[in-house]
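Predicted model only: the values in this text are computed from it and were never measured. Just so we're on the same page: letters track the sequence lines, and every chain starts at 1.
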Amino acid sequence: MSKKTAAPKDSCDSAEKAVSRHFIQQIIDADLVAGKSERRVHTRFPPEPNGYLHIGHAKSICLNAGLAREYGGKFNLRFDDTNPAKEEQEYVDSIMDDVRWLGADWEDRLFFSSDYFDQLYDWAVQLIEAGKAYVCDLDADAMREYRGSLTGPGKNSPFRDRSVEENLELFSKMKAGEFADGALTLRAKIDMTSPNLNLRDPVMYRIKRAHHHRTGDKWCIYPSYDYTHGQSDSIESITHSICTLEFENHRPLYDWFCDALGIHHPQQIEFARLNITYTVMSKRKLLLLVQENHVNGWDDPRMLTIRGLRRRGYTAESIRAFCERVGVTKVNSMIDRSWLEDAVREDLNEHAPRRMGVLRPLKVVLTNIAEGEQRICEASNHPKNPEMGTREVPLTREIYIEQGDFMEDGPKKFFRLKTGGAVRLRSAGIIDCGEILKNDAGEVVEVHCTFDPDMSRKVKGTIHWVSAEHAISAEVRLYDHLFATENPDKAAEGETFLDNLNPASLEVLAEAKLEPLLANAQAGEHFQFERTGYFYADPVDSIDGKPVFNRTATLRDSWAKAKAKGKGNVKK
RNA sequence: UACCCCGUGGUGUAAUUGGUAACACUAGGGCUUUUGACGCCCUCAUUCUAGGUUCAAGUCCUAGCGGGGUAGCCA
């Protein structure tokens with residue numbers, strides 16, 4: 001990634017043209033000039049371990065880790081694990097793996113909010129002693145009632161004015177397990193008439209007997225997000241606490257706790273979360289897709305989870321580039337799904353070795369090549385990068401070409417094989433179309449051609465092919481959008497986002513014909529099958545000598561586009 | 001009918017902080033081509049509206065309109 005110089009003041013020597021800086025960089029630049037936080041930059045990524053990471057998290061990871069790197073600061077990974085009811089070690093493991101894969105390095109700074117439970121408890125006691133927190137008996141329903149509404153003020157809890165001594169004693173008993181789940185809460189004493197609902201005496205602690213993935217059964221009371229997050233940032237000396245827009249209304253609370261406690265006060269900054277067309281992004285919905293088997297797990301290549309994208313064949317580099325391109329603002333926006341495809345194509349175009357693979361085979365017999373004869377063709381592994389070398393591809397009498405590359409009476413603009421036409425076999429030579437064999441249904445089942453090794457002959461089209469004798473058969477999976485509508489969240493009356501699923505999002509080709517070298521493809525390798533797309537040897541289902549390929553992305557296809565538009569371009 | 005945030009092309013971001021709308025993607029057109037790929041060139045905006053300040057406004061002011069968020073003992 002490009003290294004942008006950070007320092008606003010003395011770096012004028014670098015004659016580079018001023019790269020535009022997003023609003024968070026501008027805030028940090030100003031903070032640095034003002035000498036805030038000893039001129040440090042320290043960020044963090046704070047996921048709750050209650051699900052798998054998705055592309056939206058990647059934006060946050062790239063942002064936070066990127067800022068730390070850019071300013072020569074630090075980046076922490078902290079699990080916000082304050083709600084044991086939803087959290088699991090499995091998620092912790094997968095999140096660490098995904099963050100690392102994305103290239104964000106937390107070095108030795110892996111933390112858990114649960115590391116701070118003791119400190120948080122002591123601070124709560126401190127707030128009680130200062131008359132800023134109290135134990136409340138209101139149950140959830142009553143509390144909601146007392147809270148008031150969006151437009152009207154709330155009213156004070158009848159328990160708001162308990163003595164410090166009583167509060168201390170009750171809180172201590174809460175911790176000791178003397179009350180039932182939900183019986184009492186500890187609340188911050190702020191302002192029940194505040195127009196910001198978050199300030200209407202928010203809950204700091206609730207009683208919840210649940211096994212915590214790290215602290216086990218040590219605690220039966222757990223701190224809330226609002227009471228935990230800012231202080232955790234503070235403990236870790238975070239300088240800039242970056243989160244998404246929906247926390248804007250929580251910022252006054254974040255500030256209130258840090259101020260009330262008199263501790264290091266990081267700055268919360270909110271940015272817009274990522275939305276992408278043809279998909280849903282909420283953890284809840286992704287979970288539903290998995291639970292109801294609409295997809296084959298969290299790592300289904302159609303999912304925009306990091307695991308899904310990885311298995312689809314997206315590279316970390318392409319995801320970073322995507323996040324960079326998307327930008328950082330406070331504007332709610334919807335990014336076109338094709339940007340993701342574009343980002344992988346850009347990366348894979350440069351790095352993926354070329355191969356030939358026929359997805360839907362049509363047999364072609366080269367009548368002037370003898371049975372048993374084998375010609376060796378030298379094919380380049382990359383058209384623009386000779387350093388990637390060449391490979392040998394066998395050509396024999398019987399070959400397969402793509403069904404779509406033959407059209408009996410192809411129109412003038414159809415540059416592939418057609419009656420009376422000629423086409424180039426990539427890296428091999430030219431074939432001239434001869435006899436066409438059909439079955440009873442009138443479908444073309446075999447085409448006879450003559451082979452002409454003259455490489456210098458000019459023809460308009462070039463197609464890919466494989467030797468029928470040498471090709472390997474492999475399973476190839478093609479993916480389309482998981483959802484059929486741009487914004488699946490907008491469901492019709494009486495329907496849910498699930499009704500917008502695309503029934504054709506997965507197509508499995510059991511018997512694609514691939515050039516022989518592909519038998520050695522290692523799980524996790526990327527290839528471009530020329531003219532058809534980028535493919536990734538599935539790391540789960542591939543076995544030695546028998547790879548399974550997932551299509552990462554198609555190649556751009558202006559012919560298909562022209563055809564789809566139907567206009568006169570085709571027939572002429 | 002409360003509070004907070006946000007309104008620049010089809011999409012996403014820029015605009016030396018008041019100086020004459022830029023970049024990327026898409027779309028359309030063309031060139032190139034042993035991938036109809038890649039690459040290259042060209043085309044596409046009364047900056048939400050209405051007033052105002054100014055020599056000069058996307059940037060400042062006023063009013064309106066539109067979009068989003070918020071009433072978990074979730075994060």
Side-chain angles (χ1 to χ4, degrees), chain A residues 17-22 26 46-48 50 80-83 85-87 136 138-140 143-145 147-154 181-187 194-200 202-208 221-222 224-226 228-229 243-252 270 272 277 283-284 325-336 338-339 342-343 345-346 349-350 354 356 379-380 382-384 413-416 423-430 455 457-464 528-533 554-563:
Chain A
K17 39 190 167 264
V19 220
S20 69
R21 312 187 49 70
H22 61 67
Q26 291 182 26
E48 181 187 16
N50 68 343
D80 218 342
D81 54 351
T82 58
N83 184 4
K86 296 182 169 184
E87 298 153 4
C136 183
L138 257 27
D139 64 23
M143 198 180 291
R144 178 161 44 245
E145 204 165 305
R147 186 156 35 229
S149 70
L150 289 174
T151 52
D181 283 11
L184 300 176
T185 56
L186 180 73
R187 303 174 68 179
S194 170
N196 182 340
L197 292 275
N198 293 121
L199 262 20
R200 320 247 260 227
V203 169
M204 294 164 57
Y205 272 92
R206 69 282 210 191
I207 304 172
K208 181 179 291 200
I221 57 173
Y222 289 96
S224 64
Y225 164 84
D226 282 313
T228 305
H229 203 89
C243 59
T244 45
L245 249 26
E246 66 271 26
F247 291 101
E248 267 174 328
N249 293 333
H250 291 248
R251 185 169 6 110
E270 311 85 12
T277 57
K283 273 188 190 173
R284 200 202 104 236
R325 247 175 257 184
V326 154
V328 181
T329 65
K330 304 184 76 160
V331 186
N332 289 300
S333 59
M334 181 73 85
I335 306 294
D336 200 289
S338 65
W339 283 33
D342 197 71
R345 283 198 198 107
E346 197 169 298
N349 176 49
E350 197 176 337
R354 311 291 131 124
M356 291 197 284
S380 161
H382 191 109
K384 298 265 167 79
K413 291 242 178 181
F414 184 78
F415 301 146
R416 284 104 100 141
V423 75
R424 181 184 304 279
L425 252 30
R426 169 120 253 227
S427 308
I430 311 284
M455 297 290 235
R457 198 175 138 194
K458 288 285 178 201
V459 289
K460 195 70 178 163
T462 300
I463 63 175
H464 58 280
Q528 183 198 94
F529 291 180
E530 287 195 287
R531 302 207 314 129
T532 76
T554 60
L555 251 36
R556 276 209 194 75
D557 188 349
S558 54
W559 165 248
K561 212 184 285 176
K563 214 167 44 172

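Within a 6.0 Å sphere centred on CD of A:E350, other residues, nucleotides and ligands contribute 12 heavy atoms or fewer.
In this structure, A:R345 reaches neither bases nor backbone, as no heavy-atom distance under 4.0 Å exists between it and the strands shown. When heavy atoms are screened at a 4.0 angstrom cut-off, A:E350 is found touching no nucleic acid atom at all. Using a 4.0 Å heavy-atom cutoff across all strands shown, A:E346 reaches no nucleic acid atom at all.
Closest to the side chain of A:R354, from the set B:U35, B:A24, B:G7, is B:U35. The side chain of A:E530 has B:U35 as its nearest neighbour among B:A24, B:U35, B:A37. Comparing atom distances between the A:S333 side chain and each of B:A15, B:A37, B:U13 picks out B:U13 as nearest. When the nucleotides B:A14, B:C25, B:U35 are ranked by their closest atom to the side chain of A:H22, B:A14 comes out on top.
Between A:M455 and A:M334, it is A:M334 whose nearest contact on RNA chain B lies nearer the 5' terminus. Where A:L425 and A:G152 each meet RNA chain B at their nearest nucleotide, the meeting point lying more 5' is that of A:G152.
Atom CZ in A:R416 sits about 19 Å away from atom P in B:U33, given to the nearest Å. In this structure, the CH2 atom of A:W339 is 9 Å from the P atom of B:C25, given to the nearest Å. Rounded to an integer number of Å, the gap from A:D342 CG to B:C25 P is 7 Å.
In this structure, the aromatic ring of A:F415 is positioned over the six-membered ring of the base of B:G36, centres within 5.5 Å and planes within 30°.
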For RNA chain B, what is the dot-bracket line, given that a base pair needs Watson-Crick (N1 to N3, plus N6-O4 or O6-N4) or G-U wobble (N1-O2 and O6-N3) geometry with both distances under 3.5 Å, and | means paired with another strand?
-> .((((((..((((.....[..)))).(((((.......)))))....(((((..]....))))))))))).....

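Between A:K384 and A:N349, the side chains place no donor N or O within less than 3.5 Å of an acceptor N or O (distance only, hydrogens not considered).
In this structure, A:E145 has no salt bridge (charged side-chain N to carboxylate O under 4.0 Å, His left out) partners at least two apart in sequence or on a different chain. Scanning for side-chain hydrogen bond (donor to acceptor under 3.5 Å, both in side chains) contacts around A:D80 gives A:S113, A:H229, with sequence neighbours left out. Among residues two or more places apart in sequence or in another chain, the side-chain hydrogen bond (donor to acceptor under 3.5 Å, both in side chains) test is passed with A:R144 by A:D141. Applying the side-chain hydrogen bond (donor to acceptor under 3.5 Å, both in side chains) test to A:N50 and every residue at least two apart in sequence or in another chain returns A:E48, A:K283.
Because its NZ or CZ atom is both nearer than 6.0 Å to the ring centre of A:F415 and within 45° of the ring axis, A:K460 counts as a cation-pi partner of that residue.
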What string of B, S and - do you get for nucleotides 66-75 of chain B, 5' to 3', if B is base contact, S is sugar-phosphate-only contact and - is no contact with any protein heavy atom under 4.0 Å?
-> --SBBBSBBB

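Between A:K561 and B:A27 there is a side-chain polar atom (N or O) within less than 4.0 angstrom of OP1 or OP2.
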